[in-house]
Student: 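Take this structure first; my questions come after.
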Amino acid sequence: MEHLTLVDGNSVMFRAYYATAYPGAVLMQTSQGVYTNAVFAFVNMMDKILEQTNGHILVAFDTAHPTKRHEKYQEYKAGRAAMPEELAQQIPLVKKYLDKAGIKQHEQIGYEADDIIGTLAKEASQNNIKVDVYSSDRDLLQLVDQNITVHLLKKGMKELDHYTPESLYEKYELTHHQMIDLKALMGDPSDNIPGIPGVGEKTAIKLLKEYETIENLYVHQDEIKGKMGEKIRENKELAYLSKDLVTINVESPLPFSYLETEKIKIETSDLIDFFKELELKQLVVRMANQNQNTLFKDEEKSDKKTDKSFSYDLILNDEKLNDIIFNHQEPMSIHFEFSEPNYHKAELWGIGLSNGENTYFIDPSIALNNQTFLNYLKNKEIEKYTFDYKAIKVFLMWHKKAIHTISFDMLLAAYLIKSSIGKEDFTTITSLFSSIDISYEEQIYGKGAKKGLPENKELYYEHIAKKASVIYKLKDDLLETLKDQNQLELLQKVEIPLSEVLASMEFSGLLVDNKELLNQKEVLEKRINVLEESIYKEAGETFNISSPKQLGDILFEKLNLSQGKKTKTGYSTNVEVLEKLKDEHPIIPYIMEYRQLAKLYSTYIIGISQSIFSDNKVHTIFNQALTTTGRLSSIEPNLQNIPIRTEEGRKIRKIFVAEKNHYLLGADYSQIELRVLADIANVKHLKESFLNNEDIHKSTAQKVFHVTDVTSEQRRQAKAVNFGIIYGIGAWSLAEDIHVSPKEAQMFIDRYLEIYPEIKQYMQDTVEFATENGYVKTLMNRRRYIPEINSKVFMQKEFGKRNAMNAPIQGSAADIIKVAMVDLFKYLEENDKKSKIILQVHDELILEVPEEELEEMKELVPAIMKKAVKLTVSLETSCDVGKNWYELK
DNA sequence: GGATCAGCGA
DNA sequence: ACGTCGCTGATCCC
């Protein structure tokens, strides 16, 4: 043995927890609500530490029992805030991890972790063994000697400070022997160690440089003049008591010696299972990779990586495929494995097929050219089960193939059962509903730039086949759960049919006018260049305007403008701050305009250019299983955030055009969220206003301000309150928004809730429902779980309440437009219309309509949207047509 | 590659 | 600390 590592378990765990538990943070949790942030960070730290060890390691913990220090000084560690529950829960998990990792741990009644570490460290050091101590507690610096190095964790846990006798001297100009006296003189508020009142670090160092020790200081106590001398003389007892308290017991009676700290060889799979249980995916993958690297060294062992309990057949030729399909004219699960998430341009890596009993991997190039298989896919009589039906559908559309009659989709089912898991991958979703063991994607394919098919083909053959078998196996359970939750209709009548609508929309795409795009690009480039010059001139130097850091330096240090808000890392330079500085310096308006144009240029002109396919269209992907509320999202490109609010930005819409002889038709719901609120909360006056077709913000203003003639400012404020209410607004932010004092804002809110008392009631009821059930639901029984609502952390609880109030409104509106889309699509299909739905932007639909269907669609689309769902208020829609998106006002 | 800031939409 | 849900780009640091 040549080296020993000692870790202060409590202190590292505290750091691990607080590294991510800043106020307002959402802590890492498993899907079952078990907190894991501290475990995760602790393991990461241990991994770092383990890289530096040669196998001898021990983690020491404090116990909850009083120690000798408490006997000597009752106030020891008094006044310390109680450990947060979220951290306390994780202590057993951290200890369990150490056990699984084969790392020795020790705690001992009557002693602190410090004492255990001190005793072992000194014992080893005396035998000339090198020791590394890890902690965040500066007290341990007293252990430093020629053999012992102390590593202190810094705040973010990313860096360590290393202390040797030399570096200690450099920093404090004291020897390591004096560290105890230093702490004793200074005291330590966190442990409630008194020290000498009025003596801080600076004075203590000064005194020790002169007198070396506390003992010698008191030999010369009369030489010290002034107030300081008085204090020192008066507090002699405190000083000695403090010294006693801070002195680590390096002769604790431990039941083992430093020699018995060797790391035990472990089964990696145990540790992987433990991480899987805690859903710590990163750690699972890391461990698995480490494991694989060791396995690869031994050719014999490499087949251990495949699962012996799972069997499947390989289908690599037409004969076998014909045979299999011929024998399985029955419902099966089908999985298509793609090379990348964007299935429009992805390669097909493999196909899995399973009927529960038999499972197959099919070579994709065989399958896509095999008529028997293709006939099976498009056979409307045979049900199929999938994971992400839309991806398969769109991929097949690109290849001019069809697939029909999907009666179960695992991704959508899981998403409906719990909307927050739609973000997860296949493996995580599987583990949430079963104990089936299936590798993470990264384990099979690697990640980032290195992603690709593994050398060992069996590895991915099995993985893909297994996915198909999982889909089949989980189907009945998931359907059962959906049935229990009254969500079968939502899956089968809304989400699965919607998949087909979305597939068609994505495949249709949206045509781009290249000339218009290039034209706008050039215009913007020129304007941006001119603005850059003006900004550099005003600043007196060139710098990167797009860097908030550099811009902040220019504005607030060089030009000395009055700074507003700060961000975590420096000055805020956002538009609100700039707005306030507008008249302070001529550079500001230039910067604001630069920001606006640079945004349009990079995100929209350049960004969208990069997403154009060879058919001159953009083919977005609507994520159907992502948002927690039930809305869709759109990526590559995001077509749900094309500018509209400023004229400048709105022009971007000119680049999106209808195909030849076609028009774009846009139809949007008017005030759908407020109507939903009026309906579900049964808000009498709101309903009346909608019934009378009033301008809703105007009528709110009339009531809130008690006026008949509403000024535009009053309407604007009422509008802000109407929106704010939907989001569960607070007075402070409403005040910011409508430029009044928080007090006035609170008056508005109070007044608003007087006018619409049912809204107040609804909010109370919803919060109560969420508190009791842990979730809220929409018109169509879509659920959103809100674990935060029972949090003891004020901020998180408030966040939970806002979500509880907002999710049913936003989610019901999402339900409604989804139903409308399914209805509309069905009508168009059944009546052989050429019009196509191509976009959805939360409350509006955009269609591409051939000229001859234009008049019909102008009537039909709004009509279908209106009657999608029957509410106690009517759903109103407006409708516009144009040759490009810009013309849809 | 990930965190941070910024800014676009409903 | 400060209104919901999203996506993308630029910079900066690891």
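Within every chain, numbering begins at 1; the chains are lettered A, B, ... in the order of the sequence lines, protein sequences first and strands thereafter. Bear in mind the structure is a predicted one, so any value in this text is a computation, not a measurement.
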Student: Would you check if the side chain of A/R653 reaches a backbone N or O of A/I642 as a donor-acceptor pair within less than 3.5 Å?
Tutor: yes

Student: Can you tell me how far P of C/dT4 sits from CD of A/Q640, to the nearest Å?
Tutor: 19 Å

Student: Counting distance alone, no hydrogens or angles: does the base of C/dC7 have a donor or acceptor under 3.5 Å from a partner atom on the side chain of A/N638?
Tutor: no

Student: Can you see if the side chain of A/S547 gets near the phosphate of B/dC5 - specifically, an N or O under 4.0 Å from OP1 or OP2?
Tutor: no

Student: Donor-acceptor check, side chain of A/K451 to backbone of A/Y445, threshold 3.5 angstrom: yes or no?
Tutor: no

Student: Look at the side chain of A/F799 and decide which nucleotide, out of C/dG9, C/dC5, C/dT8, has an atom nearest to it.
Tutor: C/dC5

Student: Check the distance between C/dG6's C1' and A/Q624's CD and give it to me in whole angstrom.
Tutor: 16 Å

Student: May I ask you to say what A/A720 touches in the nucleic acid, namely base, sugar-phosphate or nothing, with a heavy-atom cut-off under 4.0 Å?
Tutor: base

Student: Quick check for you: among C/dT4, C/dT11, C/dG6, whose closest atom lies nearest to any side-chain atom of A/S633?
Tutor: C/dG6

Student: Touch check for A/R784, heavy atoms < 4.0 angstrom, all strands: base, sugar-phosphate only, or nothing?
Tutor: sugar-phosphate

Student: Between C/dT8, C/dA10, B/dG9, which one does the side chain of A/R653 approach most closely?
Tutor: B/dG9

Student: Taking any heavy-atom pair under 4.0 Å as a contact, classify A/I726: base, sugar-phosphate, or nothing.
Tutor: nothing

Student: Figure out the CG/C1' separation between A/D737 and C/dT4, and round it to whole Å.
Tutor: 13 Å

Student: Looking for any heavy atom pair under 4.0 Å, which part of the strands does A/N544 touch: base, sugar-phosphate only, or nothing?
Tutor: sugar-phosphate

Student: Kindly point out which of B/dC5, C/dC5, B/dG7 is positioned nearest to the side chain of A/V575?
Tutor: B/dG7

Student: Quick check for you: among C/dC5, B/dC8, B/dA10, whose closest atom lies nearest to any side-chain atom of A/Q596?
Tutor: B/dC8

Student: Nearest whole Å is fine: how far is B/dA6 C1' from A/L600 CG?
Tutor: 13 Å

Student: What is the distance, to the nearest angstrom, from the CD1 atom on A/I608 to the C1' atom on C/dT8?
Tutor: 10 Å

Student: In whole Å, what is the span from the OH atom of A/Y594 to the P atom of B/dA6?
Tutor: 15 Å

Student: Under 4.0 Å, counting only non-hydrogen atoms across every strand here, what does A/F723 touch: a base, just sugar-phosphate, or nothing?
Tutor: base

Student: Nearest whole Å is fine: how far is C/dT11 P from A/F543 CZ?
Tutor: 12 Å

Student: The side chain of A/T567 is closest to which nucleotide in this list: C/dT4, B/dC5, B/dG9?
Tutor: B/dC5

Student: Is any side-chain nitrogen or oxygen of A/T628 closer than 4.0 Å to OP1 or OP2 of C/dG6?
Tutor: yes

Student: Does A/R595 contact B/dA6 through a side-chain donor or acceptor facing the base, at a distance under 3.5 Å?
Tutor: no

Student: Just to be sure I understand the rule, does A/Q550 reach a base, reach only the sugar-phosphate, or reach nothing, if contact means heavy atoms closer than 4.0 Å?
Tutor: sugar-phosphate

Student: Quick one: A/W732 CH2 to C/dC2 P, roughly how many Å, whole number?
Tutor: 8 Å

Student: Are any side-chain N or O atoms of A/K599 and backbone N or O atoms of A/Y594, one a donor and one an acceptor, separated by less than 3.5 Å?
Tutor: no

Student: Between A/Q596 and A/Y601, do the side chains contain a donor N or O and an acceptor N or O under 3.5 Å apart?
Tutor: no

Student: Which one, C/dG6, C/dC13, C/dT8, comes nearest to the side chain of A/N641?
Tutor: C/dG6

Student: Considering heavy-atom distances to DNA chain C, does A/T629 or A/E636 have its closest nucleotide positioned more toward the 5' end?
Tutor: A/T629

Student: Relative to the ring of A/H151, is the ring of A/H162 parallel (under 30°), tilted (30 to 60°) or perpendicular (over 60°)?
Tutor: perpendicular

Student: Assign A/N806 to base, sugar-phosphate, or nothing according to its heavy-atom contacts below 4.0 angstrom with the strands shown.
Tutor: sugar-phosphate

Student: For C/dC7 and A/S634 - does any side-chain N or O of the residue sit under 4.0 Å from the phosphate oxygens OP1/OP2?
Tutor: no

Student: Quick one: does any side-chain atom of A/Y536 pair with a main-chain N or O of A/F543 as donor and acceptor, under 3.5 Å?
Tutor: yes

Student: Taking the side chain of A/K447 as heavy atoms from C-beta outward, which of B/dG2, C/dC7, B/dG9 is closest to it?
Tutor: B/dG2

Student: Choosing from C/dG6, B/dC8, B/dT4, which nucleotide comes nearest the side chain of A/P643?
Tutor: B/dC8

Student: Are the side chain of A/H619 and the backbone N or O of A/K345 linked by a donor-acceptor pair below 3.5 Å?
Tutor: no

Student: Report which part of the nucleic acid A/R802 touches: base, sugar-phosphate, or nothing (heavy-atom distance under 4.0 Å, all strands).
Tutor: sugar-phosphate

Student: Nearest of C/dG9, C/dT4, B/dG9 to any side-chain atom of A/Q610?
Tutor: C/dG9

Student: Side chains of A/N529 and A/E533 only: does a donor on one sit below 3.5 Å from an acceptor on the other?
Tutor: no

Student: Heavy atoms under 4.0 Å, any strand shown: does A/E673 hit a base, just sugar-phosphate, or nothing?
Tutor: nothing

Student: Please determine if a side-chain N or O atom of A/T573 lies less than 4.0 Å away from the OP1 or OP2 oxygen of B/dA6.
Tutor: yes

Student: For A/I809, answer base if it contacts any base atom (sugar-phosphate contacts may also be present), sugar-phosphate if it contacts only those atoms, and nothing otherwise; contact means non-hydrogen atoms under 4.0 Å.
Tutor: nothing

